[in-house]
Amino acid sequence: MTAPITVLCMLRGRAESAVVEAIAEPSSGAAVTRRCADRAELIAAAVAGAGEVALVPAGPGGLDRESVAALHDVGVRVVAAAESGAAADAARATGVDVVCDASPAASVVDAIRRASLNEAPGRTEPGPRAQVPARRGAVIAVWGPTGAPGRTTVAVNLAAELAEPPSRRRRRGVVTVSSSSMVVDADTYGGSVAQHLGLLEESPGLVKAARLAGRGALDRTALGEIVLQVRPRMHVLTGIARPQRWPELPGPSLDAVWDVARGLVDNVVIDCGFGIEHDEELTYDTRAPQRNAATISALRAADVVVVTGSGEPVGVQRLVRALDDLTESGFGMTAARVVVANRVRSSVSGQGAEAAVQGLLARFAGADDVLVLPDDRPALDRAMLEGRVLLEAAPNAPARKAMSTLAARVRSLAIARSGTAVHAAAATAGVAAPDWTDVAASPMLAD
């Protein structure tokens, strides 16, 4: 005889009584092993191995993305019982495995059976209300080891360059390829994107987006109301003003933020912190918040990883080790990788500094095509003083030209990796890509 499916029930009110009675029928093939009062009790029971399927309400009073991820981590599938279409949409957005109607009770029992047959938790069944993004932009993670100055400078200026449409001249004039970008401050140790862009009143936009994503309420319209426009086609999602707020950026919620951001702009440039370790898992016996979750989430979602390090001897050594650590971690393995040596100068690296740095990284890290950014202090200082990007403050400076070269390389890799077929065709033909008016629901995103 087949063992019944063990169920952890967190439903409330009349729906709970009806469902529990239906599950108690011998023909249901399931059995309620714990009736949980809240999320904490539900997750504790799941960790203890008390059930295979968690039955929760959809919408308010249900689970957020972090709670669903905690259940999936211990192999428990999640069924959400919805009383309305809006609640069902919100539940799907949190990553539950199956969404069903709260009544009749038989539909809930059938959903429990379907969830138990899933090959692995986390494979959400598509529903009639599920929405497919109208576009799929690329995610570019800018990451580097500790003591690698310039990650934020690279991220901000890379986003600015990617927002500039490359012109293609023809007999009847100049045709441009539409492009847009968003720079996201996901550094949980010392974010400074807002300061680089001269934003006087900083609000943690990424925190707000993560909260909405956690409860399944983040869509392109909501994200468009949070981001700030700093230049034509360039937007920013500010990070935490105080490093102590890092627990407000859980990885499961940020996974959803990147997905929505892909549907909003062509290139999502994420300024990451340096850490990629899971130190919290060594400290706690139970599931704990992870300070590096934001960086790990960005690297996992990335189509292109821009690995940035300092071009002086100590920085090169750290960059070599960081490249090994990134490979061993397994994060960003499906992404294209661009290695950038920043602040390269002959005063510390000797004559022929660029060739020397490139040779060292090729020899010890296997990086054959390293892009070198010069230590152009006058241009960088002017941009920082004015709160502008190099494209505006010093358009003809060597540092700006190097950033333009980096953007061209990243753009070609992003098109190949992210599956933006429409953009790729437009770039190849040299014609204007479609105007995504359906995405630009907020006036902030209008060109």
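Computed from heavy atoms alone, side chains included, the values below leave out hydrogens, waters and symmetry copies. Here the structure is a predicted model, which is why all the values come from computation and not from measurement.
Using a 4.5 Å heavy-atom threshold, the side chains of R220 and V260 count as touching. Counting only heavy atoms from C-beta outward, the side chains of V98 and R77 never approach each other to under 4.5 Å.
In this view, R343 satisfies the side-chain hydrogen bond (donor to acceptor under 3.5 Å, both in side chains) rule with no residue, not counting sequence neighbours.
The shortest non-hydrogen separation linking D255 to R65 is CB-NH2, 4.2 Å. The two residues L206 and D185 come nearest to each other via the heavy atoms CD2-O, 3.4 Å. Across every non-hydrogen atom of A163 and P232, the tightest pair is CB-O, 4.2 Å. Summarising the geometry of A302 relative to A141, their closest heavy-atom pair is CB-CB, 3.9 Å, with the distance given to 0.1 Å. Between L390 and A379 the shortest heavy-atom distance is CD2-O, 3.6 Å. Counting all heavy atoms, side chain and backbone alike, A80 lies closest to V96 at CB-CG2, 4.1 Å.
Counting non-hydrogen atoms of other residues, nucleotides and ligands closer than 6.0 Å to CZ of R321 gives a total of 12 or fewer. Heavy atoms from other residues, nucleotides or ligands lying under 6.0 Å from CD of E83 number 12 at most.
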I would like to know whether S180 and D266 meet side chain to side chain donor-acceptor pair (under 3.5 Å); could you show each step before the answer?
CA-CA 5 Å; S180 58; D266 301 305; 3.1 Å; yes

Give the intermediate values and the outcome of side chain to side chain donor-acceptor pair (under 3.5 Å) for residues N342 and T308.
CA-CA 7 Å; N342 191 27; T308 305; over 6 Å; no

Run V265 and V227 through side chain to side chain contact (heavy atoms under 4.5 Å, CB included) and show every step you take.
CA-CA 11 Å; V265 295; V227 300; over 6 Å; no

Start with the C-alpha distance between W143 and T295, add both sets of side-chain angles, then the distance that settles side chain to side chain donor-acceptor pair (under 3.5 Å), and finish with yes or no.
CA-CA 8 Å; W143 175 82; T295 296; 5.6 Å; no

When you look at N157 and H196, which way does the side chain to side chain donor-acceptor pair (under 3.5 Å) test go after all the steps?
CA-CA 10 Å; N157 285 280; H196 273 71; over 6 Å; no

Can you list the steps and then say if T94 with D64 is a side chain to side chain contact (heavy atoms under 4.5 Å, CB included)?
CA-CA 6 Å; T94 61; D64 57 16; 5.5 Å; no

Would you sort out whether R291 and L249 count as a side chain to side chain contact (heavy atoms under 4.5 Å, CB included), showing the intermediate values?
CA-CA 8 Å; R291 186 165 190 173; L249 298 176; over 6 Å; no

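Contact check on R231 versus E164 returns a salt bridge, with a Lys/Arg side-chain nitrogen under 4.0 Å from an Asp/Glu carboxylate oxygen. Salt bridge present: E248 and R211 bring a charged side-chain N and a carboxylate O closer than 4.0 Å.
At least one donor-acceptor pair under 3.5 Å links the side chain of Q358 to the backbone N or O of V370. In terms of modelled atom types and a separation under 3.5 Å, the side chain of D303 and the main chain of V139 share a donor-acceptor contact. Between the side chain of S404 and the main chain of R400, no donor-acceptor pair closer than 3.5 Å is present.
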